[in-house]
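A short worksheet on the structure shown next.
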Amino acid sequence: MSTILEQLAALETEALDVLQRAETTEKTEAWHGEFLGRKGRLTTILRGMGQLSAEERPVVGRQANIIKTTLEEALQKHQNAVAQSEMESALSAEGIDVTLPGRPQSLGKLHPTTQAMRDILDIFGNMGFQIYDAPEVESDDNNFTLLNFPPGHPAREMQDTFFTKDEGIILRTHTSPGQIRAMREFAPEPIRVMLPGKCYRNEDVTTRSEMMFYQVEGLVVGRKVTMSDLKGVLLNYANKMYGEGRKIRFRKAYFPFTEPSVEVDVSCSLCNGEGCRVCKYQGWLEISGAGMVHPVVLKNGGYDPAEFSGFAFGMGIERQAMMKRQVDDIRYFYSNDARFLERV
Ligand code: DAH
């Protein structure tokens, strides 16, 4: 019996000693397994109790229970202390230095083309225009022939148009072919639509032109649509887009699908028409091509030109954004320079 009591006493001393040196939660858990676990050393010693006499057994049993309780209490206390110190060191390691300058979060925002497009569609939406979606891959007929482009018109030539492998199928060079689609869908009802979207031209990229760009087309067809309606609509647009007090002017121009045709200028909002670097000292900036829908085009759309008239206009979205935000090179728009995209 004495040997087993001695073993128990030695175990207690060793266990308490080892516990003091278990500095982490992990080590205290390992300690529990080694000394108190189901296969631990205390259990192992107690397994030898079978050999003891009936008088010895309760004495050893009582002693074993005392040691077990002592060790469990010591473990509990030690674990609390370890958890506390672990938390303290974690806190000081993750400590926040409130004097550090903040890291700026860069916010995403809409691309300037998207912003301009939405501004434009909002303005015309408030004038009762609906949006009509037309495809970027178009027939040569819609893009040219039905818009009254005479055979051999320079815009039909190879350098302007992207062709596909399919005969007569091209990438649209402007949003105007959507006029034919809208008219054919709605004729003989009156129309007031905006046709936004991408266009493609096989041209050299310069400060003013990209191969891919956005346009928005407006089309109104009705029984008594006049050029002064066109002027009123565009004047209202100019004031909403570029600030109250804008003036517009029409200069005569030529487009195959309108007659008469004009180019529309808005008075420069930076110098109020006085002349400055942005307007190249003209006082005016061009915003749109426009005109009265050509009778041939009306007829191709399914309207009788004797009864119906209409106006149309088409403008480059990037150009509107450039003027509104004083950007002097269209190539910024699609070169993905974050500094530009954040600024405008
Ligand atoms: N489609 C012409 C272009 O891309 C712009 C244009 C001019 C559209 C006059 C029109 C218009 O609707 O009436 O250059």
Side-chain angles (χ1 to χ4, degrees), residues 117 120-121 124 127 129 131-132 134-136 138-150 153-157 159-162 170-183 191-203 206 208-222 225-234 237-238 248-266 285-298 300-301 303 305 308-320 322 330:
M117 178 78 91
I120 294 168
L121 293 177
F124 286 101
M127 289 190 263
F129 284 76
I131 295 174
Y132 190 92
E136 293 166 25
E138 255 299 5
S139 66
D140 183 279
D141 279 352
N142 283 345
N143 197 84
F144 295 123
T145 315
L146 295 168
L147 289 173
N148 195 34
F149 276 79
H153 190 283
R156 286 171 171 258
E157 307 241 308
Q159 74 268 20
D160 284 328
T161 308
F162 283 110
I170 59 163
L171 300 188
R172 68 177 173 193
T173 58
H174 51 175
T175 44
S176 304
Q179 291 189 27
I180 299 291
R181 291 176 177 270
M183 285 191 282
I191 300 184
R192 203 185 301 172
V193 288
M194 297 301 286
L195 308 141
K198 270 184 209 157
C199 306
Y200 302 85
R201 278 187 207 172
N202 195 359
E203 282 179 337
T206 68
R208 290 168 66 94
S209 63
E210 269 277 7
M211 276 186 270
M212 190 240 23
F213 53 95
Y214 282 82
Q215 278 191 347
V216 63
E217 189 91 4
L219 173 68
V220 173
V221 179
V225 178
T226 66
M227 197 133 183
S228 43
D229 295 326
L230 168 63
K231 201 160 187 178
V233 163
L234 291 179
Y237 165 71
I248 60 167
R249 72 175 182 191
F250 283 179
R251 279 181 289 109
K252 71 176 163 53
Y254 171 76
F255 300 104
F257 36 90
T258 41
E259 181 58 37
S261 300
V262 291
E263 264 157 359
V264 186
D265 296 338
V266 60
L285 290 157
E286 185 185 324
I287 53 167
S288 183
M292 300 307 290
V293 181
H294 196 289
V296 167
V297 176
L298 280 174
N300 290 339
Y303 291 88
F308 286 89
S309 56
F311 67 75
F313 53 90
M315 43 197 167
I317 305 290
E318 292 85 356
R319 184 159 171 77
Q320 312 296 309
M322 286 166 77
I330 194 173

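If you read the sequence from its start, that first residue is 1, and numbering goes on from there. Whatever order the structure lists ligands and atoms in, that order sets their numbers, starting from 1.
Sorted by first and then second residue, the side-chain hydrogen bond (donor to acceptor under 3.5 Å, both in side chains) pairs involving residues 309-319 (not counting sequence neighbours) are Glu318-Tyr334.
Residues passing the side chain to side chain donor-acceptor pair (under 3.5 Å) test with Glu210: none are found, sequence neighbours excluded. Residues satisfying the side chain to side chain donor-acceptor pair (under 3.5 Å) test with Glu136, not counting sequence neighbours, are Tyr200.
Note: Phe124 and Phe313 meet the aromatic proximity criterion, with ring centroids under 6.0 Å apart. Residues His174 and Phe255 keep their aromatic ring centres 6.0 Å or farther apart.
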For ligand 1, what N or O to protein N or O distances fall under 3.5 Å?
| from | atom 1 | to | atom 2 | distance (Å) |
| --- | --- | --- | --- | --- |
| ligand 1 | 1 (N) | His174 | ND1 | 2.9 |
| ligand 1 | 1 (N) | Ser176 | OG | 2.9 |
| ligand 1 | 4 (O) | Arg201 | NH2 | 2.9 |
| ligand 1 | 4 (O) | Gln215 | NE2 | 2.9 |
| ligand 1 | 12 (O) | Gln179 | NE2 | 3.3 |
| ligand 1 | 12 (O) | Glu217 | OE2 | 2.6 |
| ligand 1 | 12 (O) | Phe313 | N | 3.3 |
| ligand 1 | 12 (O) | Phe313 | O | 3.4 |
| ligand 1 | 13 (O) | Ala312 | O | 3.2 |

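How far CD1 of Ile120 is from CE of Met194: 7.0 Å, rounded to the nearest 0.5 Å.
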